[in-house]
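To start, the structure itself, in structure tokens.
Heavy atoms only: backbone and side chains are in, while hydrogens, waters and symmetry mates are out. The structure displayed is predicted, hence computed values, not measured ones.
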Amino acid sequence: QLADAPWNNVGLPYQRSFERDKSKLPTGQVTKLQFDLHPVSQIFNAGHRIRIAVMGADKDNTEPPPAPDATISIHRSKPYPSHIQLPIRSSD
């Protein structure tokens with residue numbers, strides 16, 4: 001569940017990570033998830049590619065998902081558009 005951040009987080013999605021904010025995802029239903037990525041400083045030159053890996057948990061820092069047979073599906077269609085928004089900075 002998204003919440004208002006207690007600081008200026010420049011409009012990024014914010015989750016409080018409170019137990020009461022958790023809810024189960026409906027089985028077999030497409031659900032919109034919003035989250036921000038940890039900041040990094042990386043320059044991608046024209047023609048470069050990036051790879052995004054989506055996992056159920058960070059095994060070194062969190063508990064694994066409760067359902068070991070859970071499936072993560074990324075929908076990439078007109079009715080269910082997925083996207084990643086990266087900042088673009090001019091070379092000036």
Side-chain angles (χ1 to χ4, degrees):
Q1 185 176 48
L2 295 179
D4 292 328
W7 58 82
N8 180 359
N9 71 337
V10 296
L12 295 172
Y14 172 76
Q15 290 90 14
R16 300 184 304 180
S17 300
F18 290 174
E19 184 71 26
R20 68 178 178 260
D21 291 342
K22 290 188 341 184
S23 62
K24 290 188 177 195
L25 294 175
T27 302
Q29 235 178 296
V30 175
T31 304
K32 180 179 180 177
L33 301 178
Q34 287 183 283
F35 51 90
D36 65 313
L37 302 175
H38 292 274
V40 297
S41 177
Q42 181 67 45
I43 296 172
F44 298 100
N45 294 316
H48 282 188
R49 296 179 183 198
I50 61 170
R51 179 189 308 201
I52 304 296
V54 179
M55 301 181 298
D58 179 350
K59 71 179 182 114
D60 296 329
N61 296 304
T62 64
E63 295 178 21
D69 59 345
T71 300
I72 297 172
S73 299
I74 307 296
H75 293 266
R76 305 178 303 133
S77 63
K78 192 170 186 173
Y80 303 112
S82 295
H83 71 276
I84 296 172
Q85 189 172 348
L86 299 173
I88 298 174
R89 182 176 168 196
S90 69
S91 60
D92 303 2

**Item:** Qualifying salt bridge (Lys or Arg N to Asp or Glu O under 4.0 Å) pairs, either residue in residues 13-23, two or more places apart
**Value:** Arg16-Asp21, Glu19-Lys22
**Request:** Give the other cluster members for Tyr80, using side-chain heavy-atom distances under 4.5 Å between Ile, Leu, Val, Met, Phe, Trp and Tyr residues; answer none if it is isolated.
**Result:** Val30
**Prompt:** How many angstroms lie between OG in Ser17 and CD in Gln1, if you round to the nearest 0.5 Å?
**Reply:** 11.5 Å
**Asked** Which pair of heavy atoms, one from Asn9 and one from Tyr14, lies closest together, and at what distance?
**Response** ND2-CB, 3.6 Å
Tell me which donor-acceptor pairs under 3.5 Å the side chains of residues 46-53 have, and how far apart each pair is, sequence neighbours excluded?
from	atom 1	to	atom 2	distance (Å)
His48	ND1	Asn45	N	3.3

